[in-house]
Each structure stands twice: as structure tokens, then as C-alpha cells.
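Please read all numbers here as calculations on a predicted model, not as lab measurements. Hydrogens, waters and symmetry mates play no part in the numbers below; they use all other heavy atoms, side chains included.
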Number of protein chains: 2
Amino acid sequence: MPKYKEVAQKIIQKINSNDMKQGDKLASIEELMKQFDVGKNTILNALTELEKQAYIYQVRGSGSFVRKHKREGYINITEVNGLRNNLQGFHLDAKLLDLKATKPTHEVMANLNIAENEEVYYVKRLRSIEGRKFSVEESYYLKSVVPYLNQQIVEDSIFNYLIDDLKIEPGFIDHFLRVGKLNKINADLLNLEPGDPTVLLESIFYLKNGQPFDYSIINYHYEESQFFIQGASYI
Amino acid sequence: MPKYKEVAQKIIQKINSNDMKQGDKLASIEELMKQFDVGKNTILNALTELEKQAYIYQVRGSGSFVRKHKREGYINITEVNGLRNNLQGFHLDAKLLDLKATKPTHEVMANLNIAENEEVYYVKRLRSIEGRKFSVEESYYLKSVVPYLNQQIVEDSIFNYLIDDLKIEPGFIDHFLRVGKLNKINADLLNLEPGDPTVLLESIFYLKNGQPFDYSIINYHYEESQFFIQGASYI
DNA sequence: TAGTGGTCTAGACCACGGA
DNA sequence: CCGTGGTCTAGACCACTAG
């Protein structure tokens with residue numbers, strides 16, 4: 001792990017352990033350089049990292065300050081694995097509904113940018129939070145990237161498996177979100193009526209090298225799901 | 001404008017004018033240093049900026065590549081003023097429904113982090129795209145930051161006015177998104193039925209110095225709105 | 001092995017905010 | 001005016017990718 005990421009982690013720890021609030025001031029760059037005995041660029045890299053993750057914001061001539069949104073129970077879809085990071089403290093569950101290796105449909109081919117002879121894993125799961133039906137998730141994983149999946153992996157956490165065991169490094173994601181209407185199958189799964197609204201989230205996950213490896217379509221229970229998205233101005 | 005932002009803009013221009021596609025390779029850092037006659041850190045800053053805005057991704061040992069999602073008509077809520085940037089080519093319209101200076105409600109006080117004696121502007125607008133009802137937007141602007149608003153400003157573009165005329169610099173945003181149900185008033189405005197679903201987006205806009213200055217609640221027409229959100233992995 | 005991005009240092013100077 | 005973040009350079013070395 002590079003120095004600047006270690007520094008970033010230690011700053012996050014400090015924010016959490018000192019229970020710092022939105023607007024609380026961090027130590028100055030010069031102080032941080034002394035504290036961690038590193039150069040200025042290392043501190044700058046660490047702060048840039050924290051700014052990207054919406055932990056802090058920097059104000060020229062004034063200092064760096066803690067950024068914290070207050071609402072709980074919101075899913076941060078700006079981060080990979082936002083579920084685990086943002087719903088910690090809630091009991092999450094994933095029940096396997098279907099798992100098979102298959103040829104990609106045209107939709108999957110387009111979104112994963114693959115040819116029809118590339119096999120994919122199809123996974124359908126029903127997710128619950130605190131025992132309440134939460135979402136129906138259908139995912140397609142490129143088999144050349146994710147060569148093996150089984151029920152245990154899929155009911156635990158696919159992303160932990162990818163990262164910890166397969167040493168796959170997700171890089172970035174494209175999300176497409178809209179409101180849809182539930183079909184009968186998914187409505188039954190979520191204990192709702194066909195035609196009820198749903199947050200329909202399509203996501204394409206890319207490796208660090210830019211290759212898409214996971215296309216997923218999630219129907220969220222409209223009463224159980226709420227999302228946090230961080231934004232910035234690039235003017 | 002700092003050098004690295006100029007470099008970043010020129011790279012964006014090059015991407016657009018050369019009609020580069022997802023995965024196309026940019027010049028190497030060394031080449032860019034020569035092209036623009038700047039140091040390595042300046043190029044690195046420019047590329048970091050472009051990466052934050054999802055224009056490119058960088059791959060160690062390999063190069064920098066263009067990142068482009070293909071779908072049109074999606075609103076990118078990861079950027080301030082995503083409407084204008086992302087729906088360019090579509091005809092947008094904002095009809096004023098209400099505009100007044102008022103005392104904040106408790107909800108507004110909480111979200112803008114202000115006391116009850118701080119006045120705010122309340123603005124309600126009906127937005128259309130290509131003549132179709134698109135969203136009902138209610139916004140509260142801190143009067144101490146935005147001292148004056150009128151119908152013309154509000155029906156044109158509030159953000160252009162803030163940035164170009166008031167020289168206000170937005171810094172970052174918190175968005176909270178969920179599915180809601182329309183009340184009678186907003187349903188009528190959108191030509192929908194009460195109880196119909198809506199994308200309910202609450203947003204808090206902050207200045208560069210961390211002060212919240214705009215709290216807005218938008219009800220989107222569920223059939224006319226779709227959103228793009230970029231994400232990243234910070235592992 | 002050559003090319004490319006990633007990290008890091010040391011140091012200089014600029015721009016802004018607040019007392 | 002001082003403290004603070006922002007920009008920029010020059011240079012060294014590391015880590016990864018691909019042919």
C-alpha cells in the first residue's frame with residue numbers, strides 16, 4: 001500500500017475515532033507532513049483521495065474540513081460495494097434464485113462489449129435487509145474474468161470473493177437509474193403487486209484496466225430503498 | 001485558470017474533435033509533457049481531473065484511455081448542472097410557478113444548517129423537455145448568498161446566474177434519491193394521477209467553502225427521467 | 001526489455017481567507 | 001500580515017503491461 005493511502009486511512013480513522021462532524025477542521029498540510037513524516041505531495045494525494053470519497057473538502061486559505069452527510073440507511077451508489085459500506089449495522093441477506101453458465105443475450109453482449117461465444121455466469125438473487133424483501137438482482141459475470149461461482153459464494157458476498165480470493169480489482173462503474181414497473185415474477189418475490197413502481201438500476205462494472213466484467217439489473221423495493229449520491233462542481 | 005485545467009480542457013477538446021471512443025488511447029504522459037511544455041505533475045493533475053469527471057481512466061504500465069458511456073438522454077447527477085451538460089441538444093424549459101422570500105421551515109433549517117431568522121428564497125418551477133412535462137422543482141436558496149432573484153433569472157438558468165453574475169462557486173452536492181408517490185398538486189402539473197410514482201430527488205448544494213446554500217426537492221416524471229451515475233472503487 | 005503510469009521528495013512561489 | 005491550500009518544476013525510482 002502506498003504511503004498516501006496509509007495516510008488517508010489514518011486520517012479516516014482519526015475522523016471516526018474522534019467522532020468529528022461536518023465542518024470540523026483537520027490539521028494543516030504542514031502539520032500532517034510533520035505528523036506522518038512525508039512530503040507535501042504525499043499529503044496532497046491523500047487529501048485528494050479523501051475528497052474523491054467525500055470524506056473531506058478543502059478550502060483554500062482556510063483548511064481541510066470533514067464532510068459528512070447525516071442520513072442513515074441510504075445506499076451510496078457512487079462507491080463499489082456501497083451496500084456493505086453504507087448499510088453496516090443492518091442485517092443483509094442474499095438468497096440464491098438461479099445460477100448458471102450461459103451464452104449472453106444481445107443486451108448482455110452490448111453492455112459487456114463481448115461476442116456471442118463468450119460465456120457468462122447468470123446469477124439471480126433476492127436480497128433482504130432486516131428480514132424485509134429489498135431487491136431482486138440479476139447479474140451477468142464474464143466467465144473469462146470470474147471462472148467459478150457456487151451457491152455459497154453467491155449467498156455470501158460476490159464482491160468479497162472477487163477481491164479477496166480472485167484478486168480481481170474493480171476500477172469504475174456506470175450506473176443507469178430509472179423508475180420501472182414490476183413484472184409478475186419480481187413483484188411476487190418482493191411481496192408487491194405487478195405494476196408497482198421499482199427503482200430500476202442497471203450497472204456495468206469495469207476492471208481497473210477498463211474491461212467490463214459484470215452487468216447487473218436490480219429491481220429495488222420502492223419502499224425499502226433510498227440512495228445517496230455525491231456530486232461535485234468542475235467549473 | 002491554472003495550467004493543468006487548461007491542459008485538461010485541451011485534452012477534452014481533442015477527445016471530442018477526434019471523435020474518440022471508449023477505450024481509445026491518449027498520448028503518454030511523457031508525450032503530453034512535451035506537447036504542452038509542462039512538468040509531470042501538471043499532466044498528472046490534468047489526468048486526475050479528467051478521471052474524476054469520468055472522461056478517462058488510467059492503466060498502469062499501459063496508458064490512459066477514453067471512458068464514454070453510450071446512452072443518450074440520461075441526466076448525470078454526479079455533476080453540478082448536469083441538466084445542461086447532459087441534455088444538450090434537447091429543448092429545456094422552466095416555467096415559474098412561485099417565487100418568494102420567506103422564513104425557512106424546520107426541514108429547510110435542518111438541511112441548510114441555518115437558524116430560523118435566516119431568510120430564504122422559495123422557487124417552484126415546472127420543467128419541460130421537448131415540450132413534455134419533466135419535473136416539478138422546489139428550491140430554497142439562502143438569501144445571504146443569493147440576495148436577489150426574479151422571474152427572468154429563474155426561467156432562464158439559476159445556475160448560470162449564480163456562476164456568471166454572482167460569481168458564486170458551487171463546490172459539492174449531496175443527493176438523496178428515492179421513489180415517492182405524487183400528491184394531487186404535483187400530479188396535475190405533470191399530467192399524471194395522484195399516487196403515481198415519481199423519482200424524488202433531494203439535493204443540498206454547497207459552496208466551495210462548505211456552506212450549504214441551496215436545498216431542492218425535485219419530483220421527476222417517472223416516464224421522462226433517467227439518470228446516469230458514475231462510480232469508482234476505492235480499494 | 002522497453003514503455004508507461006504511480007509514488008515520492010525538496011523546494012519555490014502563488015492565491016486566498018481571516019484576524 | 002500570516003497561515004493555509006494550490007500550482008508547478010525537476011528529478012529519482014518503483015510497478016506493471018505487453019510484445
Exercise. Can the ring centroids of A/F227 and B/F227 be said to lie less than 6.0 angstrom from one another?
Worked result: no
Problem set entry | Partner nucleotide of D/dG19 by Watson-Crick or wobble geometry (both distances under 3.5 Å) | none
Seminar exercise, completed: Whole-Å distance, A/N45 CG to C/dT7 P, equals 7 Å
For this session: Step by step, work out the side chain to side chain donor-acceptor pair (under 3.5 Å) result for B/N41 and B/Y4.
Result: CA-CA 9 Å; B/N41 253 325; B/Y4 79 91; over 6 Å; no
For this session: Please determine if a side-chain N or O atom of A/S64 lies less than 4.0 Å away from the OP1 or OP2 oxygen of D/dG5.
Result: yes
Problem set entry | Separation of D/dT9 C1' from B/I43 CD1 (nearest whole Å) | 13 Å
For this session: Please list, by residue number, the residues of residues 25-36 of chain A whose heavy atoms come closer than 4.0 Å to an atom of DNA chain D; answer none if no residue qualifies.
Result: A/S28, A/I29
For this session: Ignoring backbone atoms, establish whether A/Q58 has a side-chain N or O less than 4.0 Å from OP1 or OP2 of D/dT4.
Result: no
Exercise. Just checking B/L47: base, sugar-phosphate only, or nothing, at a heavy-atom cut-off of under 4.0 Å?
Worked result: nothing
Problem set entry | Heavy-atom side-chain proximity of A/E49 to B/Y234 below 4.5 angstrom | yes
Exercise. With a 4.0 Å cut-off, would you call A/D24 and A/K68 a salt bridge?
Worked result: no
Problem set entry | Whether B/F172 and B/Y206 hold their rings parallel, tilted or perpendicular, with breakpoints at 30° and 60° | parallel
Seminar exercise, completed: Protein heavy-atom contacts under 4.0 Å, written 5' to 3' over nucleotides 11-19 of chain D as B (base), S (sugar-phosphate only) or - (none), form the string ----BBB--
For this session: Quick one: closest heavy-atom pair of B/V154 and B/A94, and the distance?
Result: O-CB, 4.2 Å
For this session: Quickly work out the B/L44 CG to C/dG5 P distance and round it to whole Å.
Result: 9 Å
Problem set entry | Length of the NZ-C1' vector between B/K3 and D/dT7, whole Å | 9 Å
For this session: Indicate the ring-plane relationship of B/Y141 and B/F213, choosing parallel, tilted or perpendicular according to the 30° and 60° boundaries.
Result: tilted
Exercise. B/E51 has an atom CD; how far is it from atom C1' of C/dG6, in whole Å?
Worked result: 11 Å
For this session: Give the rounded distance in Å between these two atoms: CD of A/E6 and P of C/dT7.
Result: 13 Å
Exercise. With a 4.0 Å cut-off, would you call B/D19 and B/K21 a salt bridge?
Worked result: yes
For this session: For the pair B/R67 and B/E51, find out whether any cationic side-chain nitrogen is under 4.0 Å from an anionic carboxylate oxygen.
Result: no
For this session: Provide, to the nearest angstrom, the distance between the CZ atom belonging to A/F65 and the P atom belonging to C/dG17.
Result: 12 Å
Problem set entry | Nearest-Å distance for atom pair CD/C1', residues A/E169 and C/dG5 | 14 Å
